[in-house]
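Per chain, numbering begins at 1; letters A, B, ... match sequence-line order. The structure presented is a predicted model; accordingly, all values stated were derived computationally and were not measured.
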Amino acid sequence: MKRVITTFALAAAFGLTAAAASAQTLNTVKSRGILNCGSNAGLAGFGLPDAQGNWTGLDVDYCRAIAAAIFDDPTKVKFVPLTAKDRFTSLQSGDVDVLVRNTTWTSSRDTSLGLNFTGVNYYDGQGFMVRKSLKVNSALELNDAAVCVQQGTTTELNLADYFRANKMKLKTVTFASADETTKAYDAGRCDAFTTDASGLYSERLRLAKPDDHVVLPEIISKEPLGPSVRHGDDQWFDIVKWVHFALINAEEMGITKANVNEMLKSENPDVKRLLGTEGAYGEQLGLTKDWAVRIIKHVGNYGEIFERNVGQGSPLKIARGLNALWTKGGLQYAPPVR
Amino acid sequence: MSVAQESIRDAGPPKVSPIRDPKVRAIAYQALLCLIVAFLVYAAARNAIVNLERAHIASGFGFWDVTAGFDISQTLIEYSAQASTYGTAFWVGLLNTLLVSVIGIVLATILGFLVGVARLSRNLLVVRIAAGYVEVIRNLPLLLQLLFWYNAVLKALPDLRSSYDIGGSIFLNNRGLFFPSPIFHSGGKLLVGALIVALVGSIAFRIWAHKRQERTGQQAPVLWVTLALFIGLPLLVLLSGELSVAFSYPEKGRFNIRGGVEVLPEFVALLLGLVAYTAAFISEVVRAGILAVSKGQTEAANALGLRQGPTLRLVVIPQAMRVIIPPLTSQYLNLTKNSSLAVAVGYPDLVQVFTGTVLNQTGQAVEVVAITMAVYLTISLVTSFAMNVFNSRMAIVER
């Protein structure tokens, strides 16, 4: 038995060898001419292809921002749709260069899974959605309920913890993809549906009668969502991290898609350093002097990305809340460029 | 002349250099191949280990004893998110796979034989219906069928509040089928004992009846005796008053039904899909097996005055079995392996639980996938070993 296991372990390991061996992700991406980005296959506001195959969403725009910083062309991204359960294997094995798929940053994922989280592009928390006809006003009334949940998520674990902590009984029904989970909930298989609060709002739009469902007020966990890369390539880790910081800093300095060209003439030293009119901060990252200009020119700053995809400019109409800049009472904060 | 002949005899086989000796060559080639394979395996292993280490990805089987922390909807053994380990989750998944496979194999065999025989019927309508079933089911992808069954099962059933209710103790709704489960306070062992006695008794009677029939030609009512044993003995236990049984009745709660035995809609959908699909293939195997028995056999049986039923049962099927069993084995293996499509309908089988959630939570793809493959390999090898034993017993014994 042991020998059989070993043999198969070796066979399975074959797949891991090719890509993990190359630490120079930036060079690989440059020579390939396109960025492979692990995305959600269908979560409105975060990652969703439309009928023409154009991807939109907050996470999608992060992929585009990275591509813009490298190639000065936000279209040089190949979006690889991944389920929650397959996403880490895909990143570990080198199928994708970066994973931007509303993924919660946890200690075990950061360590034993061999990933590095580069920041938090959306502060989220887990919530519940139920039918209005159940007349449930609080998640604490859900004792004995059947709950539909997607497999391979922190949600699955938080759910068990929350019900145990509140001494409630639970029946979970687990599905591999968000699509199947939502469908089963819609078909009445479960009393409640649980995922990150942002996900609840966007999945609700896909139900047959969205107005018959209500999101409960409780947020039962911390879900800091962010991009992640493989261990072992610090340069690539820095690039993905600083693309995020550039987007935040740009919003803080008031640099937008529309005014970025005028801002190049700005005398403000912070703006000059970010936009590369002073110093060589882009080169230090392994990119060009105008890396931040490229990002802002093509996708805008963090605030613009937020409003366009999940905020007031979108059907989701999610308030900034925790995701407002630190200067406006939120948590989004970026170290300075200098 | 004679000298020349002797020298030829002494020389024996002609001497060739080892390089040209086919025997030596064959061994050398095989040794070379083994070396290459061994090197490839070694290189792959080395490469994987180095890469896993470089990426600081955890490896080894230490995760087995770590608390799982997630719930599973159907557990045949005791399992809880807080107290059980990934190892227990593995066994839960494995048992769920075995459950659906064993029940699926039994039902698919029954349905497959019925349809296979029906296709050879003289009734045109029966033949057409059976043929239509086989052609439709066999030519659609199984995954699609599972999704169809799942949606058909879910959509056709009412929700909890308006569930079908039989006598207030059996409920059917889109959360599953619920019926009372017996709880034995005393006499449970007696009942099990009675059933074992009935089983042993009926087998012994069958063997005795068979021998007597071979010796004297007299037939014994095997079916009736078996039924009498299986019903009579437990009834005796019941009447003796030793048995005290309580039932755990399912009860409607605010959201769900608690207590009793629960059959999940996911399980039913998966079972229906697997049975319908595999039965279509089995029916073709059965049809081919029966057609492989020459017509002369049936005619000879008819000439001896056997009616149609006994002809099929005693003459045709036993000979057809020799042709049927080997391909039937691969259908059984297919059904077991196909049960891993459970992941699409949310049934917690081995693949869904272990290579799904456990793999994702631990991130140890190599170990988890390797264990899963080893398990499926073991199940398949055991199944085919059992079927080979059965096959050798069914083979024609020359008398």
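Chain B forms more heavy-atom pairs under 4.5 Å with one residue of A/T181, A/V149, A/L142, A/T111 than with any other, namely A/L142. With respect to chain B, the highest number of heavy-atom pairs below 4.5 Å among A/A192, A/G188, A/C148 belongs to A/G188. Highest contact tally toward chain A, considering only B/G69, B/S59, B/A68, B/A81, is held by B/G69 [criterion: heavy-atom pairs under 4.5 Å].
For chain B, no part of A/K183 is nearby; none of its heavy atoms comes within less than 4.5 Å. Looking at B/Y347, neither its backbone nor its side chain comes within 4.5 Å of chain A, counting heavy atoms on both sides. A/T153 touches chain B through its backbone: at least one of N, CA, C or O sits under 4.5 Å from a heavy atom, while the side chain does not. For B/E53, no part lies under 4.5 angstrom from a heavy atom of chain A. For B/E266, the part lying under 4.5 angstrom from a heavy atom of chain A is the side chain only. Contacts of B/L157 with chain A are absent, with no heavy-atom separation under 4.5 Å from either backbone or side chain. Heavy-atom distances place no part of A/N116 under 4.5 Å from chain B, backbone and side chain included. For B/S80, no part lies near chain A; criterion is any non-hydrogen pair under 4.5 Å.
Within 6.0 Å of atom CH2 in B/W91, 12 or fewer heavy atoms from other residues, nucleotides or ligands are found, so the atom counts as exposed in its surroundings. Within a 6.0 Å sphere centred on NZ of A/K132, heavy atoms belonging to other residues, nucleotides or ligands number more than 12.
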What do the steps show when you test A/R189 against B/L264 for side-chain contact (heavy atoms from CB on, under 4.5 Å), and what is the final call? CA-CA 10 Å; A/R189 176 67 184 87; B/L264 296 177; 3.6 Å; yes
| field | Full working for side-chain contact (heavy atoms from CB on, under 4.5 Å) between A/K171 and B/R175 | value | CA-CA 10 Å; A/K171 285 186 179 181; B/R175 302 294 164 79; over 6 Å; no
Determine all donor-acceptor pairs shorter than 3.5 Å in which one atom belongs to a side chain in residues 158-165 of chain A; sequence neighbours excluded.
{"unit_1": "A/N158", "atom_1": "ND2", "unit_2": "A/Q126", "atom_2": "OE1", "d": "3.0"}
{"unit_1": "A/N158", "atom_1": "ND2", "unit_2": "A/T154", "atom_2": "O", "d": "3.3"}
{"unit_1": "A/N158", "atom_1": "ND2", "unit_2": "A/S221", "atom_2": "OG", "d": "3.3"}
{"unit_1": "A/N158", "atom_1": "ND2", "unit_2": "A/E223", "atom_2": "OE2", "d": "2.6"}
{"unit_1": "A/D161", "atom_1": "OD1", "unit_2": "A/R164", "atom_2": "NH2", "d": "3.0"}

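Ion pair B/D159/A/R131 not flagged as a salt bridge, since none of the NZ, NE, NH1 or NH2 atoms sits closer than 4.0 Å to an Asp/Glu carboxylate oxygen.
A donor-acceptor pair is defined here as one N or O able to donate and one able to accept, closer than 3.5 Å; no such pair exists between the side chain of A/R87 and the backbone of B/N360. The main-chain N or O of A/L170 is never found under 3.5 Å from a side-chain atom of B/D71 such that the two would form a donor-acceptor pair.
Annotation: side chain of B/N51 is not in contact with side chain of A/Q92 (no heavy-atom distance under 4.5 Å).
Here the shortest heavy-atom pairing between B/V343 and A/Q151 reads CG2-OE1, 4.3 Å. Scanning all heavy atoms of the two residues, the minimum distance from B/T355 to A/K85 falls at O-NZ, 4.2 Å. Counting all heavy atoms, side chain and backbone alike, A/F175 lies closest to B/V345 at CE2-O, 3.7 Å.
A/T174 and B/Q352 share no donor-acceptor pair across their side chains, judged by distance under 3.5 Å alone.
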